[in-house]
J.: 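One structure is given below, represented as structure tokens, and several questions about it will come after.
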2 protein chains.
Amino acid sequence: MAEDAPRRQPTLDEVTELAGVSRSVASRAINNAPHVSRAKREAVERAVRQLGYVPNPTARALATRQTGAAALVVSGEDPSIFADPFFAQVIVGASAALEEADLHLMLCLAASDRSRKRVEGLVRSKGADGVMLMALREDDPLARMAEEAEIPVVFGGRPVGTVPRWYVDVDNVGGAREATEYLVSRGRTRVAAICGRLDTEAGRARYRGYRDAMLAAGLGPFPPQEGDFTEPSGAAAMAALLVNHPDVDGVFAANDNMGAGALRALREAGRLVPADVAVVGFDDLAVAQIADPPLTTVHQPLTAFGREMARMLVALISGQDPSPLILPTHLVTRASA
Amino acid sequence: MAEDAPRRQPTLDEVTELAGVSRSVASRAINNAPHVSRAKREAVERAVRQLGYVPNPTARALATRQTGAAALVVSGEDPSIFADPFFAQVIVGASAALEEADLHLMLCLAASDRSRKRVEGLVRSKGADGVMLMALREDDPLARMAEEAEIPVVFGGRPVGTVPRWYVDVDNVGGAREATEYLVSRGRTRVAAICGRLDTEAGRARYRGYRDAMLAAGLGPFPPQEGDFTEPSGAAAMAALLVNHPDVDGVFAANDNMGAGALRALREAGRLVPADVAVVGFDDLAVAQIADPPLTTVHQPLTAFGREMARMLVALISGQDPSPLILPTHLVTRASA
DNA sequence: AGCGCTATTGGGAGCGCTCCCAGTGGGAGC
DNA sequence: GCTCCCACTGGGAGCGCTCCCAATAGCGCT
């Protein structure tokens, strides 16, 4: 903070005066819009440089009715959900795409009533030009807000129950099916599923893909062994599975965290992976590579996920009507299966 | 998006008219400022409800010269740095603290020239009320920007070379010393350091702590075996260490990622942990618990880090002059040492 | 020289809200 | 009964920028 110059920021009018042009011309020159003669344009540029003028984004926002920002809201019961590296990757992609459109990223962790209220206020007051909504659960209060929003809303992952007009998602069913088919193709016949929260569409879809593959292979699908996408829950689910189905020889975990947990539970139970039990995860996050043995998993393009979400939002903001998008997944085979 | 009502958002003037009061009174009532009679206040509230009025934050920002947002900028050469779960935790804390001050969080990933330019523009144009700056490297272009900023800037972690006026940091030296002392106390005498990037203050400070502890114990510190805070770099560093110092019996890794990498390299080299080589990490992220064996590590309070950074910024914004803060670390012992 | 066009130009009205300030009115104090 | 004080009120001037629009200036042609 350079306190030595407590003078106000220069304004357009000062540029105007120094450059000897009207405000309109100065404005046009600065936004390099047409209808400005070469001479005046240069005069303005010179004045801008001399004054160190920077346009005031707030004033611009008020006049144009565009804030120049897009919000990414991550729903959840508590903030720890955000600790999942999943979001970091998505953010990297979204951030890059927003940058191309010269939009700023506002991040909202909607994990309490208070924060949800703030998000609602943000949307109702049009404090952002658009919103990306992620990790909605069943009956999520943000869903209603999204419906009533008068600014563009893009969903990241479909919410449970409804199919929004605009969303980006990955092929959860296909990925889960591929994972399960792989397990079956390796000769596993008693393949269980450690599924994610069934109040999320991802959790349900992945179980559905598993079940479809099992049925298609003529095998009996296990009932869902529910976890909550965390490592401990995966370990607990695996432990339960070993008690109830000691002969299980394959496991499809609905994400890598739970896959890692399953690996740990198997290790603690003295089962060898993949010899005794083969494990496949979902996500292909760093943990899959670090796990021991490295986890075979369904890769989903998370950066692209974020990027496409942001691009879709930008398209909406600029008045287009993009189509929903479902990103492909593919299996990455490692030692665990 | 409810397109059925394309009418403009109601404005204060409409509330004013409906409630039969002046704009000043309406404004005061809405911001519940004093000097409004009970009757008028209620009339305004009624009108607000009836109209579904929501104040326009942009207009308010223009009038008050406060944007209602704070930026968190993460520097780095490429965006992948943000994939480190470290940031997610910090963000959770910062987000919560900003929420208390009713500020929104703008997230800026300054990993390209373009994005750095945007951050600079944001700061120069006062597009945010304050900035939190993280992960600066040596000669980071953002450092100069920070000096010239006319809005409050709080550093998360000290930059290399200078000590900023306001910052939050963890006790890197103390943590590294404690980790090393622990290794020594367990009878290890040939303790190496896999250090982080030495163009970051954290990387340097942690090596310094290690070296101090070694010298204090009368042992010879190893020269820095530099990594870049990623898992593969930790594995590579460990592999190099095994070649140059086959008799190493302890390793202090400057973060958990590299610690996990070291673990992997040791496993691949057939060394037992902790029997042959004991390993200690730094951060206490999820990976430390998932690692095999679980990693003894230096815990740093990341959520508090974010929270305190945000609080310090809020204090600055409200005209106070808070003191820099150094957060304590403590060792968490697990199986790896 | 007169005419129709097009490229520029500058004036000025907002955008929606805050806040300074000059009233207003009534009750307390004398 | 008459000041004085103070809790309210409402008018109006910004905050800094965009953009519509009328006005002006060239300019090539007939």
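Chain letters run A, B, ... following the sequence lines, proteins first and then strands; every chain starts at 1.
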J.: So that I can tick it off, tell me whether B:Glu42 and B:Arg38 are bridged by a salt bridge, with the cut-off set at under 4.0 angstrom between side-chain N and carboxylate O.
T.: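 Salt bridge present between B:Arg38 and B:Glu42.
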
J.: Looking only at side chains, do A:Thr11 and A:Asp13 share a donor and an acceptor under 3.5 Å apart?
T.: no

J.: For B:Lys126 and D:dG16, what is the distance between atoms NZ and C1' respectively, to the nearest whole Å?
T.: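 Going from NZ in B:Lys126 over to C1' in D:dG16 covers 13 Å.
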
J.: Without decimals, in angstroms, what is the distance between A:Leu12 CG and D:dC15 P?
T.: 14 Å

J.: Do A:Leu136 and A:Val160 pass the side-chain contact (heavy atoms from CB on, under 4.5 Å) test, and can you show the C-alpha distance, the side-chain angles, and the key distance before you say yes or no?
T.: CA-CA 8 Å; A:Leu136 295 209; A:Val160 175; over 6 Å; no

J.: Any strand is fair game: report the nucleotide pairing with C:dG26 by Watson-Crick or G-U wobble, both distances under 3.5 Å, or none.
T.: D:dC5

J.: Starting from C1' on D:dA25, measure out to NZ on A:Lys40 and report it in whole angstrom.
T.: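 Rounded to whole Å, this separation is 12 Å.
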
J.: Return the value, rounded to whole Å, for the distance between atom CD of A:Glu14 and atom P of D:dC17.
T.: 9 Å

J.: Reckon A:Pro55 touches a base, only the sugar-phosphate, or nothing at all at heavy-atom distances under 4.0 Å?
T.: sugar-phosphate

J.: For D:dC15, take OP1 and OP2 only and decide whether either is under 4.0 Å from a side-chain N or O of A:Asn56.
T.: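 For D:dC15, neither OP1 nor OP2 has a side-chain N or O of A:Asn56 closer than 4.0 Å.
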
J.: Do A:Arg23 and D:dT18 have a side chain to base donor-acceptor pair shorter than 3.5 Å?
T.: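 Present.
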
J.: Does A:Glu120 pair with A:Arg116 as a salt bridge, N-O distance under 4.0 Å?
T.: no

J.: Please determine if a side-chain N or O atom of B:Ser27 lies less than 4.0 Å away from the OP1 or OP2 oxygen of C:dT18.
T.: yes

J.: Could you state the CD-P distance from B:Glu17 to D:dG10, rounded to the nearest angstrom?
T.: 14 Å

J.: Report the distance from atom CD of B:Gln66 to atom P of C:dT18, rounded to the nearest whole Å.
T.: 12 Å

J.: If you look at every strand shown and take non-hydrogen atoms under 4.0 Å, does A:Ser24 touch a base, only sugar-phosphate, or nothing?
T.: base

J.: Reading DNA chain C from 5' onward, which residue's closest nucleotide shows up sooner: A:Arg28 or B:Val54?
T.: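 Residue closer to the 5' terminus by nearest nucleotide: A:Arg28.
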
J.: Would you kindly give the CG-to-C1' distance between B:Asp13 and C:dA13, to the nearest whole Å?
T.: 15 Å

J.: Are the charged groups of B:Glu147 and B:Arg144 less than 4.0 angstrom apart, N to O?
T.: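 Here B:Glu147 does not pair with B:Arg144 in a salt bridge, since their nearest N and O are not under 4.0 Å apart.
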
J.: Do A:Ser318 and A:Gln320 get their side chains close enough for a donor-acceptor pair, meaning under 3.5 Å?
T.: yes

J.: Kindly state which residues belonging to residues 58-65 of chain A come within less than 4.0 angstrom of DNA chain C, counting heavy atoms of the residue only, listed by number.
T.: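 DNA chain C contact set from residues 58-65 of chain A: A:Leu62, A:Ala63, A:Arg65.
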
J.: If you check every side-chain atom of A:Ser22, which of C:dG16, C:dA7, C:dG11 has the closest atom?
T.: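 That would be C:dG11.
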
J.: Do A:Arg118 and B:Asp102 have side chains that get closer than 4.5 Å, going by heavy atoms?
T.: yes

J.: Between C1' on D:dA25 and NE2 on A:His35, what's the gap in Å once rounded to a whole number?
T.: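 Atom-to-atom, A:His35 to D:dA25, this comes out as 15 Å.
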
